[in-house]
Visitor: 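Take this structure, written in C-alpha coordinates, and hold onto it; I'll ask about it next.
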Amino acid sequence: MSRETLLPKLAAHVLEHGLAGASLRPLARAAGTSDRMLIYHFGSKAELVADLLAFLAERYAAALDGAMGDTPAVTRQEVAARILARAREEAMQPFMALWWEIVAGAVRDLPGYREAAGAVMDRMLQWLEGQMPAGDPDPEGGARYLLTLIEGAMMLAAAGRPRFAREGLNASGL
(Lines give C-alpha, C1' and ligand atoms only; values in the text may rest on other atoms or scores of the structure.)
Protein backbone atom coordinates (compact mmCIF):
# COMPACT_ATOMS: atom_id res chain seq x y z
CA MET A 1 0.00 0.00 0.00
CA SER A 2 1.34 3.42 -1.00
CA ARG A 3 0.10 6.95 -1.57
CA GLU A 4 -0.18 6.12 -5.27
CA THR A 5 -2.41 3.11 -4.64
CA LEU A 6 -4.47 4.87 -1.96
CA LEU A 7 -5.27 8.05 -3.91
CA PRO A 8 -7.56 6.46 -6.54
CA LYS A 9 -9.62 4.76 -3.82
CA LEU A 10 -9.81 7.94 -1.76
CA ALA A 11 -10.74 9.94 -4.86
CA ALA A 12 -13.59 7.57 -5.71
CA HIS A 13 -14.94 7.98 -2.18
CA VAL A 14 -14.76 11.78 -2.27
CA LEU A 15 -16.33 11.97 -5.73
CA GLU A 16 -19.23 9.87 -4.47
CA HIS A 17 -19.66 11.38 -1.00
CA GLY A 18 -18.07 14.82 -1.20
CA LEU A 19 -15.61 16.38 1.17
CA ALA A 20 -18.09 16.22 4.03
CA GLY A 21 -17.42 12.48 4.04
CA ALA A 22 -13.67 13.03 4.05
CA SER A 23 -13.01 12.35 7.72
CA LEU A 24 -10.26 9.84 8.35
CA ARG A 25 -12.32 6.80 9.31
CA PRO A 26 -14.64 6.80 6.26
CA LEU A 27 -11.67 7.50 3.98
CA ALA A 28 -9.72 4.66 5.57
CA ARG A 29 -12.67 2.28 5.13
CA ALA A 30 -13.00 3.30 1.49
CA ALA A 31 -9.30 2.62 0.93
CA GLY A 32 -9.33 -0.66 2.83
CA THR A 33 -6.91 0.51 5.49
CA SER A 34 -6.85 2.22 8.88
CA ASP A 35 -6.86 5.90 9.71
CA ARG A 36 -3.41 5.43 11.27
CA MET A 37 -2.06 4.10 7.98
CA LEU A 38 -3.48 7.10 6.15
CA ILE A 39 -1.62 9.39 8.54
CA TYR A 40 1.51 7.25 8.11
CA HIS A 41 1.34 7.63 4.31
CA PHE A 42 0.27 11.29 4.15
CA GLY A 43 1.62 12.80 7.37
CA SER A 44 -1.58 14.57 8.41
CA LYS A 45 -5.20 14.90 7.41
CA ALA A 46 -4.46 18.31 5.87
CA GLU A 47 -1.72 16.82 3.68
CA LEU A 48 -3.98 13.92 2.74
CA VAL A 49 -6.75 16.29 1.61
CA ALA A 50 -4.27 18.52 -0.26
CA ASP A 51 -2.77 15.52 -2.08
CA LEU A 52 -6.22 14.12 -2.77
CA LEU A 53 -7.47 17.40 -4.27
CA ALA A 54 -4.31 17.70 -6.38
CA PHE A 55 -4.89 14.13 -7.61
CA LEU A 56 -8.51 14.94 -8.45
CA ALA A 57 -7.47 18.13 -10.27
CA GLU A 58 -5.13 16.06 -12.43
CA ARG A 59 -7.91 13.57 -13.19
CA TYR A 60 -10.19 16.46 -14.09
CA ALA A 61 -7.52 17.95 -16.36
CA ALA A 62 -7.04 14.55 -18.01
CA ALA A 63 -10.78 14.34 -18.64
CA LEU A 64 -10.69 17.80 -20.17
CA ASP A 65 -7.74 16.72 -22.35
CA GLY A 66 -10.10 14.14 -23.81
CA ALA A 67 -12.55 16.91 -24.67
CA MET A 68 -9.89 18.79 -26.56
CA GLY A 69 -9.32 15.85 -28.91
CA ASP A 70 -6.38 15.35 -31.22
CA THR A 71 -7.03 18.44 -33.29
CA PRO A 72 -6.00 21.71 -31.63
CA ALA A 73 -8.71 24.32 -31.25
CA VAL A 74 -8.52 27.10 -33.83
CA THR A 75 -10.35 29.77 -31.82
CA ARG A 76 -11.00 30.69 -28.21
CA GLN A 77 -14.66 30.01 -28.94
CA GLU A 78 -13.84 26.43 -29.87
CA VAL A 79 -11.78 25.95 -26.68
CA ALA A 80 -14.68 27.18 -24.53
CA ALA A 81 -17.26 25.12 -26.43
CA ARG A 82 -15.27 21.90 -26.04
CA ILE A 83 -14.74 22.45 -22.30
CA LEU A 84 -18.37 23.36 -21.63
CA ALA A 85 -19.60 20.37 -23.61
CA ARG A 86 -17.39 18.04 -21.53
CA ALA A 87 -18.45 19.70 -18.27
CA ARG A 88 -22.10 18.87 -19.07
CA GLU A 89 -21.38 15.15 -19.49
CA GLU A 90 -22.74 12.78 -16.83
CA ALA A 91 -19.26 11.43 -16.04
CA MET A 92 -18.09 14.94 -15.11
CA GLN A 93 -20.91 15.68 -12.66
CA PRO A 94 -19.13 14.27 -9.58
CA PHE A 95 -16.17 16.55 -10.35
CA MET A 96 -18.48 19.52 -10.78
CA ALA A 97 -20.28 18.82 -7.49
CA LEU A 98 -16.95 18.53 -5.69
CA TRP A 99 -15.75 21.77 -7.27
CA TRP A 100 -18.79 23.69 -6.06
CA GLU A 101 -18.34 22.16 -2.61
CA ILE A 102 -14.76 23.44 -2.55
CA VAL A 103 -15.85 26.89 -3.74
CA ALA A 104 -18.60 27.04 -1.09
CA GLY A 105 -16.07 26.08 1.59
CA ALA A 106 -13.73 28.81 0.37
CA VAL A 107 -16.54 31.38 0.53
CA ARG A 108 -17.33 30.24 4.07
CA ASP A 109 -13.61 30.53 4.90
CA LEU A 110 -13.42 26.93 6.07
CA PRO A 111 -9.85 25.90 6.91
CA GLY A 112 -7.93 24.75 3.85
CA TYR A 113 -10.70 25.32 1.31
CA ARG A 114 -9.47 28.66 -0.04
CA GLU A 115 -6.00 27.17 -0.52
CA ALA A 116 -7.48 24.10 -2.18
CA ALA A 117 -9.65 26.22 -4.49
CA GLY A 118 -6.66 28.38 -5.37
CA ALA A 119 -4.49 25.36 -6.12
CA VAL A 120 -7.16 23.82 -8.34
CA MET A 121 -7.71 27.13 -10.17
CA ASP A 122 -3.96 27.59 -10.67
CA ARG A 123 -3.72 24.10 -12.15
CA MET A 124 -6.74 24.64 -14.37
CA LEU A 125 -5.41 27.99 -15.59
CA GLN A 126 -2.05 26.41 -16.41
CA TRP A 127 -3.84 23.67 -18.33
CA LEU A 128 -6.07 26.17 -20.14
CA GLU A 129 -3.08 28.28 -21.21
CA GLY A 130 -1.76 25.18 -22.95
CA GLN A 131 -5.05 24.82 -24.85
CA MET A 132 -5.09 28.29 -26.34
CA PRO A 133 -5.08 28.35 -30.15
CA ALA A 134 -1.77 28.70 -31.96
CA GLY A 135 -1.17 32.32 -32.80
CA ASP A 136 -3.44 33.66 -30.05
CA PRO A 137 -2.28 37.25 -29.47
CA ASP A 138 -2.45 36.92 -25.66
CA PRO A 139 -2.63 33.27 -24.55
CA GLU A 140 -2.21 34.12 -20.85
CA GLY A 141 -4.89 36.82 -20.88
CA GLY A 142 -7.09 34.72 -23.16
CA ALA A 143 -6.89 31.77 -20.78
CA ARG A 144 -7.93 34.01 -17.87
CA TYR A 145 -10.77 35.44 -19.94
CA LEU A 146 -12.03 31.98 -20.89
CA LEU A 147 -11.64 30.66 -17.36
CA THR A 148 -13.80 33.51 -16.07
CA LEU A 149 -16.47 32.89 -18.71
CA ILE A 150 -16.40 29.12 -18.34
CA GLU A 151 -16.63 29.22 -14.54
CA GLY A 152 -19.50 31.70 -14.74
CA ALA A 153 -21.33 29.62 -17.32
CA MET A 154 -20.90 26.47 -15.25
CA MET A 155 -22.11 28.25 -12.11
CA LEU A 156 -25.21 29.51 -13.90
CA ALA A 157 -25.92 26.02 -15.23
CA ALA A 158 -25.43 24.51 -11.76
CA ALA A 159 -27.89 27.07 -10.39
CA GLY A 160 -30.49 26.01 -12.95
CA ARG A 161 -29.94 28.86 -15.41
CA PRO A 162 -28.11 27.32 -18.37
CA ARG A 163 -30.08 29.57 -20.74
CA PHE A 164 -28.54 32.66 -19.09
CA ALA A 165 -25.10 31.12 -19.60
CA ARG A 166 -25.76 30.39 -23.28
CA GLU A 167 -27.15 33.88 -23.89
CA GLY A 168 -24.20 35.48 -22.08
CA LEU A 169 -21.67 33.47 -24.04
CA ASN A 170 -23.43 34.34 -27.28
CA ALA A 171 -23.39 38.04 -26.36
CA SER A 172 -19.62 37.81 -25.73
CA GLY A 173 -19.02 36.32 -29.15
CA LEU A 174 -18.41 32.84 -27.78
Side-chain angles (χ1 to χ4, degrees), residues 3-33 35 38 42 44-69 79-128 130-131 143-169 174:
R3 292 165 75 110
E4 291 73 30
T5 60
L6 290 168
L7 283 169
K9 295 173 185 177
L10 298 170
H13 178 79
V14 168
L15 286 172
E16 184 176 344
H17 301 285
L19 286 173
S23 60
L24 285 176
R25 285 195 177 105
L27 285 172
R29 269 193 305 279
T33 190
D35 51 343
L38 289 180
F42 293 94
S44 69
K45 182 181 177 190
E47 287 179 55
L48 182 151
V49 171
D51 288 353
L52 179 56
L53 291 176
F55 178 81
L56 286 163
E58 290 303 318
R59 283 190 51 196
Y60 182 70
L64 290 177
D65 279 339
M68 299 314 289
V79 172
R82 289 179 185 183
I83 292 169
L84 289 168
R86 177 58 57 106
R88 287 189 294 269
E89 291 176 5
E90 187 67 30
M92 297 302 286
Q93 295 317 297
F95 287 101
M96 301 313 302
L98 179 61
W99 174 239
W100 296 120
E101 185 179 354
I102 293 167
V103 170
V107 169
R108 289 188 180 100
D109 205 23
L110 297 176
Y113 279 71
R114 184 155 301 167
E115 294 80 6
V120 170
M121 293 287 9
D122 289 346
R123 174 62 186 100
M124 291 296 100
L125 184 60
Q126 176 188 22
W127 176 85
L128 189 54
Q131 304 305 316
R144 283 162 172 70
Y145 169 71
L146 287 183
L147 183 64
T148 302
L149 289 174
I150 290 165
E151 285 295 316
M154 291 190 309
M155 186 271 305
L156 287 167
R161 299 296 183 262
R163 183 177 60 95
F164 293 176
R166 280 191 307 278
E167 291 169 356
L169 291 170
L174 293 176

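Numbers here simply count residues along the sequence, with the first being 1.
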Visitor: Kindly compute the distance separating CZ (Phe55) from CD (Glu4), expressed to the nearest 0.5 Å.
Guide: 9.5 Å

Visitor: Are side-chain heavy atoms of Lys45 and Leu27 found at a separation under 4.5 Å?
Guide: no

Visitor: Would you say Gln93's side chain and Ala87's backbone share a donor-acceptor pair under 3.5 angstrom?
Guide: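 Checked: pair present.
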
Visitor: Tell me, do Met96 and Arg88 make a side-chain contact under 4.5 Å, heavy atoms counted?
Guide: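 Sidechains of Arg88 and Met96: no contact.
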
Visitor: If we only count heavy atoms from C-beta on, is the Arg59 to Leu15 side-chain gap below 4.5 Å?
Guide: yes

Visitor: With the side chain counted from C-beta on, respond yes when Leu146 and Ile83 share a heavy-atom pair under 4.5 Å apart, and no when they do not.
Guide: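 Of all side-chain heavy-atom pairs linking Ile83 with Leu146, none is under 4.5 Å.
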
Visitor: Between the side chain of Glu101 and the main-chain N/O of Leu19, is any donor-acceptor distance below 3.5 Å?
Guide: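 At least one qualifying donor-acceptor pair exists.
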
Visitor: Does CZ belonging to Arg144 count more than 12 external heavy atoms closer than 6.0 Å?
Guide: yes

Visitor: Can you check whether Met68 reaches Val79 side chain to side chain, under 4.5 Å on heavy atoms?
Guide: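 The answer is yes; the side chains approach within 4.5 Å.
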
Visitor: Could you state the interatomic distance from CZ (Arg82) to CG (Leu64), rounded to the nearest 0.5 Å?
Guide: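 Here the rounded value is 12.5 Å.
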
Visitor: Atom NE2 of His13 and atom NZ of Lys9: how far apart are they, to the nearest 0.5 Å?
Guide: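 Reported value, rounded in 0.5 Å steps: 14.0 Å.
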
Visitor: Give, for atom CG of Leu24 and atom CZ of Arg29, the distance between the pair rounded to the nearest 0.5 Å.
Guide: 11.0 Å

Visitor: With a 4.5 Å heavy-atom cut-off, do Tyr60 and Val120 have their side chains touching?
Guide: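 Not touching, per the 4.5 Å side-chain cut-off.
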
Visitor: Has the side chain of Arg86 got a donor or acceptor atom that lies under 3.5 Å from a matching backbone atom of Met92?
Guide: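 Checked: no pair found.
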
Visitor: Within a strict 4.5 Å, meaning less than it, do heavy atoms of the Trp99 and Met155 side chains meet?
Guide: no

Visitor: What's the separation between atom CG in Leu169 and atom CZ in Phe164, rounded to the nearest 0.5 Å?
Guide: 13.5 Å

Visitor: Report yes if some heavy atom in the side chain of Phe42 is under 4.5 Å from a heavy atom in the side chain of Leu10; otherwise report no.
Guide: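 The answer is yes; the side chains approach within 4.5 Å.
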
